[in-house]
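A short write-up of the structure that comes next.
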Amino acid sequence: MKNKKWWLCAFVFCLMLATLSPLASSSPDGLESVAEEKGFVDMSASSPFSVIADYMFPGIHNEALATILAGWIGTTLLFALVFGVTWLITRVRKSKLSPG
């Protein structure tokens, strides 16, 4: 992939957003806020599994720091997945195009 610097720039930008967004407001997100306001927040079904429940980690008591860490982990995993799939697709296409 020729544009690795763009991947890196996008990754760093997303990490910055993940770092700053929990510090922007102490209010709940829009969907949670509306659910609380309309009184159906407790009607949701529970998830069959939870990777990072409510963005909290054992041993990290600062909610903002835990949310930032969850954002970093999610961003890193998503970028690794997308980068890997893109790399794989590029390799397959190159192998199909090369004479062989």
Side-chain angles (χ1 to χ4, degrees):
M1 289 183 289
K2 298 176 186 177
N3 297 321
K4 287 184 183 177
K5 71 175 181 177
W6 293 111
W7 281 92
L8 181 61
C9 288
F11 179 65
V12 169
F13 181 73
C14 287
L15 286 179
M16 286 182 355
L17 288 176
T19 303
L20 296 176
S21 62
L23 306 175
S25 174
S26 61
S27 301
D29 66 27
L31 182 59
E32 185 177 348
S33 178
V34 169
E36 288 175 359
E37 182 181 304
K38 299 296 181 185
F40 62 86
V41 71
D42 295 325
M43 295 175 61
S44 64
S46 61
S47 174
F49 66 92
S50 180
V51 178
I52 304 173
D54 289 330
Y55 306 109
M56 296 304 289
F57 289 89
I60 299 179
H61 302 291
N62 183 323
E63 188 175 341
L65 181 61
T67 304
I68 290 168
L69 184 58
W72 287 353
I73 290 171
T75 298
T76 303
L77 290 175
L78 183 63
F79 263 82
L81 176 70
V82 172
F83 190 83
V85 168
T86 304
W87 177 82
L88 186 61
I89 289 170
T90 303
R91 296 249 327 180
V92 168
R93 285 184 179 171
K94 282 183 181 180
S95 69
K96 286 183 178 181
L97 293 177
S98 65

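Computation of the quantities below employed the complete heavy-atom set of this structure, encompassing side-chain atoms and omitting hydrogens, waters and symmetry-equivalent molecules.
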How far does [atom1] of [X] sit from [atom2] of [Y], to the nearest 0.5 angstrom?
X   : Y   : atom1 : atom2 : value
L69 : T19 : CG    : OG1   : 10.0 Å
N62 : T67 : CG    : OG1   : 8.5 Å
D42 : E36 : CG    : CD    : 9.0 Å

Quiz item: Given a cutoff of under 4.5 Å between side-chain heavy atoms of I, L, V, M, F, W and Y, with clusters grown through shared members, what are the other residues clustered with V92?
Solution: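 Grouped by the 4.5 Å side-chain rule, V92 forms a cluster of one, so the answer is none.
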Any chain of hydrophobic side-chain contacts (each under 4.5 Å) joining [X] to [Y]?
X   : Y   : result
I73 : L23 : yes
L78 : F83 : yes
L17 : W72 : no

Quiz item: How would you list, by chain and number, every residue that makes a ring pair (Phe, Tyr, Trp, His ring centres under 6.0 Å) with F13, sequence neighbours excluded?
Solution: none
State, to 0.1 Å, how close [X] and [Y] come at their nearest heavy-atom pair, and which atoms those are.
X   : Y   : value
F79 : W7  : CE2-O, 3.8 Å
V34 : F40 : O-CE2, 4.3 Å
A18 : P22 : O-CD, 3.1 Å

Quiz item: Are side-chain heavy atoms of L81 and L77 found at a separation under 4.5 Å?
Solution: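 The answer is no; the side chains never approach within 4.5 Å.
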